[in-house]
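Down below is the structure, laid out as C-alpha cells.
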Protein chains: 2
Amino acid sequence: MTYEEFKQKVGSVILTDQGNCPVTPVVQMLQGKWKLQILYELCIKSPMRFGELKKMLKPITNTALTNALKELESDDLVQRIQYNEMPLRVEYSLTQKGRDLLPVFYAIMQWGVKYIP
Amino acid sequence: MTYEEFKQKVGSVILTDQGNCPVTPVVQMLQGKWKLQILYELCIKSPMRFGELKKMLKPITNTALTNALKELESDDLVQRIQYNEMPLRVEYSLTQKGRDLLPVFYAIMQWGVKYIP
DNA sequence: ATACCTGGTACAGAAAAAGATACTATTGGA
DNA sequence: TCCAATAGTATCTTTTTCTGTACCAGGTAT
C-alpha cells in the first residue's frame, strides 16, 4: 500500500475528524501490559478459565489479570460467563468484536515476519 | 477470518515461540501517548518539520515530542534529516519500515468503521 | 548589543500503571 | 469444625510515564 492509496482510503472511509488519528483509540484499547497476551491466548484457545489464563500468563498477578479482563470486558472484546458450580467456574472467551480483531493481528504479524528477526 | 484460519496461519507463519504473543512487541513499539498520532500525521503528510508536528499535535510539549520522535527513530520507523540552514530546519518522514505499517493501520480502521460509532 | 527564530535539553514534580502481599466468599468434603 | 479449591478484592509501594517550566545554541535581523 502506498501513501497515496492510504490517503485516498483514509480520506474516504473514516477521516471525518480533521487531524485526529483514527487508529489511536483502537490501540489505546489494546494498551496495558497484559491485554494483548490475554487476547492472544483466547485466540488460540477459547473459552479459558481464570486460573488457566493465570497459568499461561505467569507471572501475572491476580490484580493485573482481573483488571485487564475487566477492561477487555467493558470494551466488549471479551465475554465472562460464571457457572455457579462448586468450586466456582468462570470462563472467558472472545466476543464477535474481539474475534474481528484477528485480521488486525494478522496484518501485524505479517509486518513482524518482515521486520522482527 | 475465523479462529481456525487464524490458528493455521499463525501456526505456520510465526508461532515458533510457544505461548508468546507475536503481536505484543509490535504494539509495544507503538505505545506511548503520542507515537501513533505522530505516525498518523506522517502518513498524511511527509516530510514534516519539528515545529509543524508540534502545531498539529498541540498541546504536546517539546519534551514529549522529542522523546517520541527519538524512540520512533531508534525503532527505525521514522527518519530525521537535519538541514543546517538558518534558521535550522529538521524534517521527519516515515521510513520504509514505517510505511509498511499502513496495512496494519488500514486493518484497524476497517475494524473501527464497524465498531466505533 | 540585543532580541528573535528554530529545534531542541535539563530537571523536578505529578499522575498513571504495575507489583507485592494479604485477605475474602462460597461450599463440598474429611 | 476446619480445610481446600476457585475466583477474585483491598491496600500499599514501587516503577514508569507524562507534564511544566526554564534554559541553551547557532545564526540573523535591527
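The model shown is predicted, which means the values in this text are computed figures rather than measured ones. Each chain gets a letter, A, B and so on, in the order its sequence line appears, and its residues count up from 1.
Closest approach to the Lys33(B) side chain among dC18(D), dT26(C), dT6(D) is made by dC18(D) (side chain taken as heavy atoms from C-beta onward). Side-chain proximity of Thr66(B) to dG7(C), dG8(C), dG19(C): nearest is dG8(C). Proximity note for Arg80(B) (side chain, C-beta onward) versus dG19(C), dG7(C), dT6(D): the nearest is dG7(C). The side chain of Thr61(A) sits closest to dA20(C) out of dG8(D), dG7(C), dA20(C). The side chain of Phe50(B) sits closest to dG7(C) out of dT6(C), dG7(C), dT26(C). Of the candidates dT6(D), dT27(C), dG8(D), the closest approach to any side-chain atom of Leu88(A) belongs to dT6(D). Which of dT6(D), dG7(C), dT9(C) sits closest to the side chain of Arg49(A) comes down to dT6(D).
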Practice task
Report the C-alpha separation of Leu39(B) and Leu72(B) in whole Å, then their side-chain angles, then the decisive distance to 0.1 Å, and conclude whether the side-chain contact (heavy atoms from CB on, under 4.5 Å) test is met.
Solution key: CA-CA 9 Å; Leu39(B) 291 176; Leu72(B) 290 170; 4.2 Å; yes
Handout entry: Worked check of salt bridge (charged side-chain N to carboxylate O under 4.0 Å, His left out) between Glu91(A) and Arg89(A)
Key = CA-CA 7 Å; Glu91(A) 289 191 343; Arg89(A) 181 162 59 102; 2.9 Å; yes
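As a whole-Å value, the separation of Ile38(A) CD1 from dA18(C) P is 11 Å. Rounded to an integer number of Å, the gap from CD of Gln31(B) to C1' of dA18(C) is 13 Å. The nearest whole Å value for the distance from the CD atom in Glu52(B) to the C1' atom in dG8(C) is 17 Å. Taking atom CG of Asn62(B) as the reference point, atom C1' of dT21(D) lies 11 Å away to the nearest angstrom. One interatomic measurement links the two molecules: CG of Leu65(A) to P of dA20(C), which rounds to 15 Å at whole-angstrom precision. Straight-line distance from the CD atom of Glu91(B) to the C1' atom of dT6(C): 13 Å, rounded to whole Å. Separating the CD atom of Gln28(A) from the C1' atom of dC18(D) is a distance of 14 Å, rounded to the nearest angstrom. Rounded to whole Å, the distance from CD on Gln82(B) to P on dA25(D) is 16 Å.
Between Lys55(B) and dT6(C), a side-chain N or O to OP1/OP2 separation shorter than 4.0 Å is absent.
Across all strands, Tyr83(B) comes closer than 4.0 Å to no nucleic acid atom at all (heavy-atom distances).
If you find the closest nucleotide of DNA chain C to Glu85(A) and to Tyr92(B), the one lying nearer the 5' end belongs to Tyr92(B). Between Met86(A) and Lys70(A), the residue anchored nearer the 5' end of DNA chain D, judged by the nucleotide with its closest heavy atom, is Met86(A). Between Val90(A) and Thr63(A), the residue anchored closer to the 5' end of DNA chain D is Val90(A), taking for each the nucleotide with the nearest heavy atom.
At distances below 3.5 Å, at least one donor-acceptor pair connects side-chain atoms of Trp111(A) with backbone N or O atoms of Lys97(B). Between the Trp34(A) side chain and the Asn67(A) main chain, no donor and acceptor come within less than 3.5 Å of each other.
Looking only at atom types and distance, the side chain of Gln96(A) has a donor-acceptor partner in the side chain of Asp100(A) under 3.5 Å away.
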